[in-house]
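Note that the structure is predicted; figures quoted are calculated from it, not measured. Naming: A, B, ... by sequence-line order, numbering from 1 per chain.
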Amino acid sequence: MNKVINTLFNPKVRSRTISFLVVIAAYVILTLLSATGHLSRLFTSLLVPVTAYIVAAIGLNLNVGISGELNLGQAGFMSIGAFSAVVVSGVLQAAGVGDILRLIICMAAGALIAALMGWLISIPVLKLQGDYLAIVTLAFGQIIMSLLNNSYVGIDSKGLHFAFVNNTIQMEQGGRLLISGPMGATGVGIASTFTAGFVLVLIALAVVYNLMYSRSGRAIMASRDNRIAAESVGIKVSQAKTLAFVTASCLAGAAGALYALNYSSFAATKFDFNNSILLLVYVVLGGLGNMTGTVIATTLLVVLPEMLRFLQNYRMLIYAIVLIVIMLVSNNEFLRLRMQMLRTRLKKKGAEADE
Amino acid sequence: MKFSKFAKGGLAAVMAMGMMACSNGGASGTASTTPAEGDAAAIKLGFSGPLTGDASVYGLAVQHAAEIAVEEVNAMDGVKFSLNAQDDQADPEKAVSAYNALMDWGMQVAMLTVTSGAGQAVAPYYQKDNVFGLTPSASSTGVIYADAENNANPFGTVFQMCFTDPNQGTASADYLKEHTELGTKIAVIYRSDDNYSTGIYNTFMAEAKAKGLDVVSDAAFVNSDTDYSVQVKQAADAGADILFLPIYYQPASQILVEANKQGYKPTFFGCDGMDGILSLENFDTSLAEGLYMLTPFSADAADEKTKNFVAKYQEKYGEVPNQFAADAYDCVYALKQACDAAGVTADMSAADITSAMVSQFTSMTFDGITGTSMTWSKTGEVSKDPKAVVIQNGVYVSVAD
């Protein structure tokens, strides 16, 4: 028993175990509630978007918390994943692929394309640091949004057709526009499920924790803490940061794909600067580098405005006030000290019992 | 110490809020806006719209007008409605949440959504759950067709009170072709990242070409733009005497200001999105003098229904109702007419109500304040005449044909 307690206080094991336990427990409880009909439709409809935001936020936390680079373009990567998924899904639907397989392929494609974009962006971007990097990622998010807002993709029996700015696509009878500029993606075949979202969250957690506690992860954190010292012991700082950045964008891409296949219609403007900031808020509230915190904070902040619906027109006002209060409370020195004292006391007890 | 006290108070407030949210969200869905007396007999009518955020002018107009109409309907013989308005911030994701909140509440008939993007996202659910929705103002074809590109696969249970966007483009081109006294050289400024604006723009340009209209300049802007000097200068340099603005009124107001600054005085021409420009805060409405717009509703109309509605709206909310409000008012009355004719009652099953509504709407004729002898096609599109209005002395005045 004491050994168990001691291992649990090993930070590596503890944070990982808690994360997985929280997610699995939430999944089991929600599935049971849903199966017994105790979950309202509103709540049920929030499950998939919540998991999608969690995955994107976990990725962002890797970027901001672990790698220490402020990324204001995470929603941009989400939209790359989302729109890639829409195109791939359109092709697969035409080929008559089943829903589950379609979702898996779409998520893989979204993740891959977003990772590729992340890698391309990281070449010029990670030469920059701090505020400069934040501004470049912000601009990147805006560029992606503008590009997608002006893209037209159609599909007919001859295959895919692309057009830019003006919809010049000439299709055969029965052809269908998958992405139509500012109208966004329309007629997406819904395939996302809560289980798929849950599995994706587990995968995201596994990827991030394995990376964090690996040799590369330690290199990433060393580069964050002191770039010069890290370089002096032979760590390739830009390589370490690229790894974190690409992993983050890859996760955002998969999250975007999951999100996309949950709505029959959405526009690129959904993934604007505000959305990137919201993701950042989830990460900051959850705690930089704290994955369990990110999972909980994201869930709370996505669900909260929906739960405040009874306030009607004062809803968003109250939401903003609640957000401010939560930020103040979670950053309160007094409470933090108390928590720390509690933790040390528990640790001591474990150690005493061990002797 | 002071700070921690404050934080403690804050924590308590958050916990209380959380508990309130849980007790409400979990059990019975959300509160209704106008809980009518004798709830059991009232048909549950719901809609979602941007009640907060950028587009809240539209959502609130619809909510206000629907409240007035429901109040009137409930005072009459026949069906009674209980209205529930949910906020969707004109966002597809939030609209789906709002739709599910409404379904948790037990919605039986709906006014769908106020905006198009949100409407496109929820329309498939209306089809899937077999719920009837009549949208006041979601004008994109994607709201009524699953395959908007080919105008195919209509959802079947979603109907529109407003014109579709392409229809407005055609109507504008027709009007400008007939009324050459307004001008002959046309410049267009549209918003390229907006569904509504590009929808009208694309059909207008196609129709203009087909009808031989002289479009001398066309320029685009995007949502985040705040400076329109380039676009206005381009139109002025091309010597256009008509400036067609198929956009919403906020950017339009800035374009009017910019044109005034440059001393450029063409005839401005807009569609229904221009409606609302007179109630915009901090906007010098004298700049909008002589602005033409095609809208099915004008608040100065002399008929009894419009007068009554405008007076009530002004009394209650202190402003002249716009076209979104008028469409919403008509929606409630059209729903009432259909319910009464089909003998729909609140205890009927949702599927029965929906099939009764669909058969009524595809066969009935409705007279409202946004048009007379309106009919609906099987695909949900409305057919009514657009009216032109011009702003004179700060009010809308109908233009005689």
**Q** Check each atom of B/Ser197 against the heavy atoms of chain A and say whether the ones under 4.5 Å are side chain, backbone, both or neither.
**A** neither

**Q** Taking everything shown except B/Lys209 itself, do over 12 heavy atoms lie less than 6.0 Å from its NZ?
**A** no

**Q** If we define contacts as heavy-atom pairs under 4.5 Å, which of B/Ser192, B/Gly142, B/Gly199 has the most with chain A?
**A** B/Ser192

**Q** Please flag which part of B/Thr198 lies under 4.5 Å from any non-hydrogen atom of chain A: side chain, backbone, both or neither.
**A** side chain

**Q** Would you compute the distance between atom OH of B/Tyr99 and atom OG of A/Ser45 and round it to the nearest 0.5 angstrom?
**A**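 Going from the OH atom of B/Tyr99 to the OG atom of A/Ser45 covers 10.5 Å.
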
**Q** Quick one: do A/Leu46 and B/Ser97 satisfy side chain to side chain contact (heavy atoms under 4.5 Å, CB included)? Show the steps, please.
**A** CA-CA 7 Å; A/Leu46 288 174; B/Ser97 302; 3.5 Å; yes

**Q** Where on B/Ala98 is there a heavy atom nearer than 4.5 Å to chain A: the side chain, the backbone, both, or neither?
**A** both

**Q** Examine whether an atom of B/Asp165 lies under 4.5 Å from a heavy atom of chain A, and if so say whether it belongs to the side chain, the backbone or both; otherwise answer neither.
**A**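 When you check distances to chain A, no heavy atom of B/Asp165 falls under 4.5 Å.
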
**Q** B/Tyr125 and A/Ile190: side chain to side chain contact (heavy atoms under 4.5 Å, CB included), yes or no, with the steps?
**A** CA-CA 11 Å; B/Tyr125 289 97; A/Ile190 294 172; 3.7 Å; yes

**Q** Apply side chain to side chain contact (heavy atoms under 4.5 Å, CB included) to A/Phe266 and B/Glu93, showing your working.
**A** CA-CA 8 Å; A/Phe266 61 91; B/Glu93 178 192 328; over 6 Å; no

**Q** Could you walk me through whether A/Ser264 and B/Gln120 pass the side chain to side chain contact (heavy atoms under 4.5 Å, CB included) test, one step at a time?
**A** CA-CA 8 Å; A/Ser264 63; B/Gln120 283 168 205; over 6 Å; no

**Q** Please state whether the side chain, the backbone, both or neither of A/Asp272 comes within less than 4.5 Å of a heavy atom of chain B.
**A**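 When you check distances to chain B, no heavy atom of A/Asp272 falls under 4.5 Å.
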
**Q** Please step through salt bridge (Lys or Arg N to Asp or Glu O under 4.0 Å) for the pair B/Asp87 and A/Arg309, ending with a clear verdict.
**A** CA-CA 8 Å; B/Asp87 184 19; A/Arg309 279 197 177 274; 6.0 Å; no

**Q** Using modelled atom types only, decide if a donor and an acceptor are shared between the side chain of B/Asp104 and the backbone of A/Leu42 within a distance under 3.5 Å.
**A**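 Yes.
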
**Q** List the atom of A/Ser265, the atom of B/Pro92, and the distance in Å for their closest heavy-atom pair.
**A**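 Residues A/Ser265 and B/Pro92, closest heavy atoms: O-CB, 3.6 Å.
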
**Q** Of the listed residues (A/Asn149, A/Asn150, A/Ile321), which shares the most heavy-atom pairs with chain B below a 4.5 Å separation?
**A**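 Option with the top pair count is A/Asn149.
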
**Q** Check whether A/Tyr314 gets within reach of chain B through its side chain, its backbone, both or neither, counting any heavy atom under 4.5 Å.
**A**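 Contact with chain B is absent: no heavy atom of A/Tyr314 under 4.5 Å.
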
